[in-house]
Amino acid sequence: MRLMFLGDVVGRSGRQALVTHLPRLIERFRTDFVVVNGENAAGGFGITEEIAEEFLDAGADCITTGNHVWDQREALVFIAREPRMIRPINFPPGTPGAGATMLTARNGARVFVANVMGRVFMDALDDPVRPLEAALDYHRLGSEVDAAIVDVHCEATSEKQIFGHMLDGRVSLVTGTHTHVPTADHRVLPGGTAFITDAGMCGAFDGVIGMDKEEPGRRYIERTPGQRMTPATGAATVCGVAVDTDDRTGLANWIAPIRVGGDLEPAVPTRWETA
Ligand code: FE2
């Protein structure tokens with residue numbers, strides 16, 4: 001089965017790149033299931049219902065989020081009626097929305113997707129491990145589910161790697177998000193879980209993690225508050241990973257980077273074309 005995960009979509013430039021390239025990627029590589037992290041899609045801060053629908057219409061099967069999930073307050077309401085969008089599982093009990101979900105892929109497969117938020121250098125949420133373990137207990141790969149994807153939204157690379165090792169052999173893919181820079185450590189771990197420390201963003205790289213470079217630079221140098229940060233407006237690169245899984249076990253056969261458009265060196269899973 002063919003899974004695709006695309007990293008944090010930032011602002012208008014990122015949205016435009018996503019809706020342009022995602023349908024083409026799905027068609028070209030006959031992708032079965034796509035997850036997109038959308039928490040920075042609305043001007044860099046949060047996601048609106050209109051934008052979520054735009055991503056789903058473009059071919060996303062599930063939208064994950066993170067620390068910015070509630071920046072657009074309407075998300076508190078529409079997340080309850082949109083089962084294809086989830087928020088980190090370690091928000092306190094009673095928080096709107098779900099932290100994990102079961103969805104059906106284009107090929108009919110049952111896909112489990114979970115979103116957790118880290119605790120290092122981030123606003124403290126509840127323990128991310130226990131609720132994730134509890135959800136996985138009821139969604140066993142190879143029996144109850146055909147594929148499982150976990151978006152680990154963390155600042156620290158070490159914390160994301162801990163989740164990769166902890167879940168190795170139990171899910172198809174563990175991917176880090178939030179830091180917006182694609183890492184080159186994509187690989188299949190010894191137990192059969194595909195892993196990457198950060199999938200990268202769908203956004204303009206001629207900026208600072210997707211935001212226009214002027215204000216972050218000025219704030220850093222002058223140390224005074226200033227204008228609101230706005231997304232960078234240059235051409236965006238769509239970044240993420242492609243994962244091929246074994247239909248029987250749900251574990252990964254291989255993982256390859258995706259980088260399309262914008263400033264980064266292109267990379268697409270050409271192996272799927274010859275397979
Ligand atoms: Fe984030």
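When a ligand or atom number is given, it counts from 1 through the structure's own listing order. The structure displayed is predicted, hence computed values, not measured ones. Side-chain atoms are counted along with the backbone in the values below, which use heavy atoms only and exclude waters and symmetry mates.
- A donor-acceptor pair shorter than 3.5 Å can be found between the side chains of Thr177 and Asp151.
- Here the CG-CG distance, from Leu132 to Asn115, works out to 10.0 Å after rounding to the nearest 0.5 Å.
- Contacts of His153 classified as ring pair (Phe, Tyr, Trp, His ring centres under 6.0 Å), with partners at least two apart in sequence or in another chain: His178.
- Relative ring orientation between His68 and Phe45 is described as perpendicular, the plane-to-plane angle rising above 60° on a 0-90° scale split at 30° and 60°.
- Between Phe91 and Trp70, the ring planes lie tilted relative to each other; the angle falls in the 30° to 60° range.
- Shown here are the protein N/O/S atoms lying under 2.8 Å from the Fe ion (ligand 1), water excluded: Glu39 OE2, Asn67 OD1, His153 NE2, His178 ND1.
- Screening Ile196, Val116, Thr179 for a side-chain contact (heavy atoms from CB on, under 4.5 Å) with Lys160, the sole residue that qualifies is Thr179.
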